[in-house]
Amino acid sequence: MSLKLTTSLSQRLVLTPQLRQRIEMLQMTTLELTDLIQAQLLENPVLEEVVTQEEVGELAEKILDHMASADPGSASDESHVEASAPELGSPSSNGSGELEAGSSTHSESDYEGGEGGDSDVQEFSTADLSEDSVGDEIVGEDAARDAFEEIDFGREFQDYPRPPGYKTQEIEYKEDAPTFEQFLTKAPSLADHLEWQLHMSPIDAEICEAAISVIGNLDADGRLNATNEEIAAMGDWSVETVEIARHAVMHLDPVGCGARDVRECLLVQLEVKGESDRLAARLISEHLADLQQHKLPHLAKQIGSEVDTLLDELQFIRTLDPYPGRRYSSEEPILISPEIYIENLMRTTRSM
């Protein structure tokens, strides 16, 4: 039995318990969510339901409307209103018991004072409710917001399938995100670029047709692998016409497309630049193999030139392009649109 140390690479998608809970809650209806909240409140005594300011205002308006529409002679309605008032943060909720005492005193005065006592009870209850609503507003402003409400669930799950007709919020595009033009546009190929220049050149129609055939037989490097006889057999052209068309293609941009080897491609580029009489042309035509192996001392003895001169010519030859077709034939990379962006705003990381 022996111990071995191995490494492995794997990809896993892990969902946190908080994210799973949020996904489950998003799928619930209003009734199911209400039942879940009530169940959590019963199971966990630490949790408490925070009444919003709007709910407090609605309850206060209902109580005031009820008091205004109630019979002033019915003591049972007044006692019901007095009992429901502490739910909105009245003084009775803190255990002082002052409101109960006041209600009992006013109820006794109802038997003694008649209608005058009823008006006093109504004025006292209205004043207490107004003070309670103001106190609830102050408490609501000071209370901290629930952290669960600060999460923008619509933004996180806006890509999920939704029923037809459902309108989501507008997607916020980032400045560094790839645009649609990068996916829809297409760079011109080598054949398109050469044919465009060919149609703009003042050459005969027969030579132009033969040149189009030459362009169609180029490979990704810009080399012509087919012979002149094979291209001439494709149409009613002579071998001389095909050769003229091939030379016309080699002088188009990029220069050298249509050559049969590297030597011919580099010599055409020197011809276009007007450097045919330079030492570099002799090195390419006669000593290209030795030049590729970097045998400069041997070449210096054969040519009768200095090594420094050969180094200068070699640097000039390196500025030429032996594969001119690659700059147009290489396919552009397909950009992948990310499904989610993560950015840090005000020291709070959020996903979108």
Side-chain angles (χ1 to χ4, degrees), residues 182 185-203 207-208 210-228 230-231 239-335:
Q182 295 177 340
T185 57
K186 179 182 178 181
S189 62
L190 177 62
D192 297 337
H193 184 63
L194 292 175
E195 289 181 7
W196 173 76
Q197 298 178 75
L198 188 63
H199 291 298
M200 298 294 292
S201 302
I203 58 177
I207 298 177
C208 182
I212 293 175
S213 181
V214 171
I215 293 173
N217 287 274
L218 298 178
D219 58 5
D221 297 333
R223 297 282 188 271
L224 179 62
N225 298 321
T227 61
N228 292 342
E230 293 176 350
I231 297 176
V239 178
E240 292 78 10
T241 303
V242 174
E243 184 65 21
I244 295 173
R246 190 175 72 89
H247 280 278
V249 173
M250 284 194 297
H251 287 77
L252 297 177
D253 180 66
V255 180
C257 291
R260 300 188 184 279
D261 52 15
V262 178
R263 179 180 287 104
E264 187 179 10
C265 179
L266 297 178
L267 289 176
V268 171
Q269 294 181 26
L270 290 177
E271 180 184 354
V272 173
K273 291 185 177 183
E275 301 289 345
S276 300
D277 299 334
R278 190 166 179 170
L279 179 60
R282 182 182 174 186
L283 292 175
I284 293 173
S285 59
E286 299 178 2
H287 307 282
L288 182 60
D290 296 335
L291 193 64
Q292 291 176 347
Q293 296 177 4
H294 206 73
K295 296 180 179 180
L296 298 183
H298 179 68
L299 287 175
K301 292 179 181 180
Q302 288 183 353
I303 299 175
S305 178
E306 298 292 336
V307 178
D308 296 337
T309 305
L310 293 180
L311 286 174
D312 296 339
E313 296 298 321
L314 181 60
Q315 293 296 330
F316 176 74
I317 293 174
R318 287 175 178 175
T319 60
L320 305 177
D321 190 2
Y323 306 101
R326 290 185 179 180
R327 71 181 75 172
Y328 288 96
S329 61
S330 60
E331 297 181 357
E332 295 292 335
I334 300 175
L335 299 179

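No experiment lies behind these values; they were computed from the predicted model shown. Count residues from 1 along the sequence.
Counting only heavy atoms from C-beta outward, the side chains of L311 and E306 never approach each other to under 4.5 Å. A heavy-atom distance below 4.5 Å is not found between the side chains of I203 and I244.
Not counting sequence neighbours, the partners of H247 by the side chain to side chain donor-acceptor pair (under 3.5 Å) test are E243.
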Using atom types as modelled, flag every donor-acceptor pair under 3.5 Å from a side chain in residues 187-202 to any protein atom, sequence neighbours excluded.
| unit_1 | atom_1 | unit_2 | atom_2 | d |
| --- | --- | --- | --- | --- |
| S189 | OG | D192 | N | 3.4 |
| S189 | OG | D192 | OD2 | 3.0 |
| H193 | NE2 | Q197 | NE2 | 3.1 |
| H193 | NE2 | D253 | O | 3.3 |
| H193 | NE2 | D253 | OD2 | 3.2 |
| H193 | NE2 | Y328 | OH | 3.3 |
| Q197 | OE1 | D253 | N | 3.1 |
| Q197 | NE2 | H193 | O | 3.3 |
| Q197 | NE2 | D253 | O | 2.4 |
| S201 | OG | Q197 | O | 2.8 |

Extract all donor-acceptor atom pairs below 3.5 Å that involve side chains of residues 263-274 and protein atoms in other chains or at least two apart in sequence.
| unit_1 | atom_1 | unit_2 | atom_2 | d |
| --- | --- | --- | --- | --- |
| R263 | NE | I284 | O | 3.1 |
| R263 | NE | S285 | O | 3.4 |
| E264 | OE1 | R260 | N | 3.2 |
| E264 | OE2 | R246 | NH1 | 3.0 |
| E264 | OE2 | R246 | NH2 | 3.0 |
| Q269 | OE1 | D321 | N | 3.1 |
| Q269 | NE2 | V255 | O | 3.4 |
| Q269 | NE2 | D321 | O | 2.5 |

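Note that CD of E313 and CG of L279 are 4.5 Å apart. Values are rounded to the nearest 0.5 Å. Remark: Q293 CD to L288 CG distance equals 10.0 Å, nearest 0.5 Å. Expressed to the nearest 0.5 Å, how far CZ of R326 lies from CG of D219 amounts to 9.5 Å. Distance check: L299 CG to L310 CG gives 6.0 Å after rounding to the nearest 0.5 Å. Atom CG of L314 and atom CZ of R318 lie 4.0 Å apart (nearest 0.5 Å). Of the inter-residue distances, the one linking N217 atom CG with I231 atom CD1 reads 5.0 Å to the nearest 0.5 angstrom.
In terms of heavy atoms, P322 sits closest to L320 at CD-O, 3.5 Å. Across all their heavy atoms, N228 and V239 have their closest contact at CB-CG1, 3.7 Å. The shortest non-hydrogen separation linking P254 to P324 is CG-O, 3.4 Å.
Of the listed residues (K301, Q302, H294), just one forms a side-chain hydrogen bond (donor to acceptor under 3.5 Å, both in side chains) with H298, and that residue is Q302.
Enclosure of atom CD in E275 by more than 12 non-hydrogen atoms of other residues, nucleotides or ligands within 6.0 angstrom is indicated.
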